[in-house]
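To start, the structure under review is shown below, and the notes come after it.
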Amino acid sequence: MQYAELKRQAGKRTYENFIVLHGHLKRYRDDIQLHQVDKVYIDGFLEYMKAVTGQRGKFSDETIRYYKRNLVTVLNFAVNGAVKNIKTWTA
């Protein structure tokens with residue numbers, strides 16, 4: 001992913017949210033590229049988020065919805081062409 005371009009287009013806070021999401025996606029499954037993400041992958045990621053323990057314990061339902069919204073935003077950026085090299089952006 002071209003982080004500088006994404007940061008410029010998305011804004012600093014959204015960009016920082018993407019970086020945190022990216023870390024969770026890598027921990028879930030680091031061998032998938034963004035263009036390979038499908039419903040099965042997303043459902044699996046959300047189940048992973050329910051099972052994983054963060055620094056403060058299990059993630060709340062609200063936190064999981066927050067990560068889901070961020071993932072949807074990343075996918076929308078990709079669909080709209082904001083992520084130029086979608087095939088090289090790996091989780």
Side-chain angles (χ1 to χ4, degrees):
M1 181 192 315
Q2 297 173 347
Y3 290 109
E5 179 67 13
L6 184 58
K7 186 175 184 179
R8 185 185 67 73
Q9 289 187 19
K12 184 179 179 187
R13 181 167 170 86
T14 301
Y15 168 78
E16 290 168 353
N17 292 339
F18 289 171
I19 296 301
V20 173
L21 172 66
H22 189 250
H24 285 291
L25 291 170
K26 284 183 73 122
R27 284 188 285 283
Y28 168 60
R29 185 171 162 204
D30 68 354
D31 63 339
I32 192 166
Q33 295 182 334
L34 188 57
H35 73 280
Q36 297 170 312
V37 172
D38 58 10
K39 183 181 182 334
V40 172
Y41 177 86
I42 293 170
D43 290 343
F45 175 68
L46 296 174
E47 288 302 315
Y48 161 82
M49 293 298 292
K50 291 176 186 175
V52 73
T53 302
Q55 292 177 346
R56 298 182 201 157
K58 294 273 186 188
F59 290 115
S60 70
D61 289 342
E62 181 61 33
T63 299
I64 293 168
R65 283 191 296 273
Y66 167 80
Y67 282 109
K68 182 180 179 181
R69 285 190 307 267
N70 282 322
L71 181 55
V72 167
T73 302
V74 168
L75 295 173
N76 285 335
F77 265 85
V79 168
N80 292 326
V83 180
K84 301 283 189 242
N85 295 320
I86 192 168
K87 290 188 176 186
T88 62
W89 189 82
T90 56

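FYI, side chains are in, hydrogens and waters are out, and symmetry mates aren't considered; it's all heavy atoms of this structure.
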Contacts of N17 meeting side chain to side chain donor-acceptor pair (under 3.5 Å) (sequence neighbours excluded), chain-then-number -> Y66

Sequence neighbours left out, what passes side chain to side chain donor-acceptor pair (under 3.5 Å) with D43? Give chain and number order. K39

Just grab all the salt bridge (Lys or Arg N to Asp or Glu O under 4.0 Å) pairs involving residues 51-61, residues at least two apart or on different chains. none

Say you draw a straight line from CZ of R69 to CG of L21; how long is it, rounded to the nearest 0.5 Å? 12.0 Å

side-chain contact (heavy atoms from CB on, under 4.5 Å) against V20, all qualifying residues, sequence neighbours excluded: H24, Y67

Of all heavy-atom pairs between R27 and Y48, which one has the smallest distance, and what is that distance? CB-OH, 3.3 Å

Just verifying a value: how many Å separate D38 CG and I32 CD1, rounded to the nearest 0.5 Å? 6.5 Å

Set of residues satisfying ring pair (Phe, Tyr, Trp, His ring centres under 6.0 Å) with respect to F45, sequence neighbours excluded: Y28

Side chain to side chain donor-acceptor pair (under 3.5 Å) with E47: which residues, sequence neighbours excluded? K50

For T73, which residues count as a side chain to side chain donor-acceptor pair (under 3.5 Å) partner, sequence neighbours excluded? none

State which residues pass salt bridge (charged side-chain N to carboxylate O under 4.0 Å, His left out) with R65; sequence neighbours excluded, sorted by chain then number. E62

Under a 4.5 Å cut-off applied to non-hydrogen side-chain atoms, are R29 and Y41 in contact? yes

Only counting residues at least two apart or in another chain, list the ones meeting side-chain contact (heavy atoms from CB on, under 4.5 Å) with I42. V37, L46, L71, L75

